[in-house]
S.K.: 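Right, I'll just put the structure down here and ask away after.
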Amino acid sequence: MAYTREPLSGSTHGRGVKVAATGTPGTTIHTGQASTTLTDVVTLYATNTDTVTRRLTLEWGGTTAVDDHLIYDLPPKSVVPIVPDLIIRNSLVIKAFCDTANVVTIHGFVNVEA
């Protein structure tokens, strides 16, 4: 297997993705490859620029099932690693929403299987 490191598909040239959504469906962070066999290995960091703790919810491949939700309480003025190499594929989408708009930014990259 060969992998290449790529920016998140929801990013512009590797810049952070500002989480504007405050509910489901969230802001698009990344869309997995349109393949049932090729894997995207995703690493994400969240930055909370606010002065209070904020709750971030990642919707991992779905928006309605609670099992698709990864929930984080982000301390103020912090950068937190939130996803250490989880996989996604088959055009599933990673989305995010926060209890307050535009105070959390998601940075990261994808190791794309070719």
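Quick caveat: nothing in here was measured; it's all calculated off a predicted structure. Index from 1, following the sequence.
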S.K.: Which heavy atom in A46 sits nearest to a heavy atom in L56, and how many Å separate them?
M.R.: CB-CD2, 4.0 Å

S.K.: If you take all heavy atoms of G32 and H30, which pair is closest and at what distance?
M.R.: N-CD2, 3.9 Å

S.K.: Looking only at heavy atoms, which two atoms of P25 and T63 are closest? And how far apart?
M.R.: CB-CG2, 4.0 Å

S.K.: Will you find, in the side chains of T53 and D73, an N or O donor that is under 3.5 Å from an N or O acceptor?
M.R.: no

S.K.: Where is the tightest heavy-atom contact between L8 and H107, given as atom of each residue plus distance?
M.R.: CD1-C, 4.1 Å

S.K.: Let me see the working for D40 and R89 under side-chain contact (heavy atoms from CB on, under 4.5 Å), right down to the final yes or no.
M.R.: CA-CA 6 Å; D40 288 1; R89 62 167 64 138; over 6 Å; no

S.K.: As an exercise, state the distance from OH of Y3 to CD of E113, rounded to the nearest 0.5 Å.
M.R.: 4.0 Å

S.K.: Are the side chains of C98 and V104 in touch, meaning some heavy atoms are under 4.5 Å apart?
M.R.: yes

S.K.: Apply the side-chain contact (heavy atoms from CB on, under 4.5 Å) test between I29 and each candidate in V93, V42, I106; give the one that qualifies.
M.R.: I106

S.K.: Roughly how far, to the nearest 0.5 Å, is the CG atom of N48 from the NZ atom of K77?
M.R.: 8.0 Å

S.K.: Between CG of L70 and CH2 of W60, what distance do you get to the nearest 0.5 Å?
M.R.: 7.0 Å

S.K.: May I ask you to check whether Q33 and S91 show a side-chain donor-acceptor distance below 3.5 Å?
M.R.: no

S.K.: So, does Y72 use its side chain to make a donor-acceptor pair with the main chain of I82 at under 3.5 Å?
M.R.: yes

S.K.: Roughly how far apart are L74 CG and R54 CZ, rounded to 0.5 Å?
M.R.: 10.5 Å

S.K.: Using modelled atom types only, decide if a donor and an acceptor are shared between the side chain of T22 and the backbone of A101 within a distance under 3.5 Å.
M.R.: no

S.K.: If you count the non-hydrogen atoms of other residues, nucleotides and ligands that lie under 6.0 Å from CZ in F109, is the total more than 12?
M.R.: yes

S.K.: For a side-chain contact (heavy atoms from CB on, under 4.5 Å) with L58, tell me which candidate from L44, D68, L86, V19 qualifies.
M.R.: L44

S.K.: Could you grab the distance from atom CG of D85 to atom CG of N111, nearest 0.5 Å is fine?
M.R.: 7.0 Å

S.K.: Taking 4.0 angstrom as the limit, do D99 and R55 come out as a salt bridge?
M.R.: no

S.K.: Of all heavy-atom pairs between P75 and S78, which one has the smallest distance, and what is that distance?
M.R.: O-OG, 2.5 Å

S.K.: Looking at L92, is its backbone amide N or carbonyl O close enough to the side chain of N90 to form a donor-acceptor pair, meaning the two atoms are under 3.5 Å apart?
M.R.: no

S.K.: Roughly how far, to the nearest 0.5 Å, is OG1 of T24 from CZ of F97?
M.R.: 5.5 Å

S.K.: Could you please spell out the steps behind the side-chain hydrogen bond (donor to acceptor under 3.5 Å, both in side chains) verdict for T57 and H69?
M.R.: CA-CA 6 Å; T57 301; H69 289 182; 5.6 Å; no

S.K.: Give a yes or no on whether the backbone of T31 and the side-chain of S9 come within a donor-acceptor separation of less than 3.5 Å.
M.R.: yes

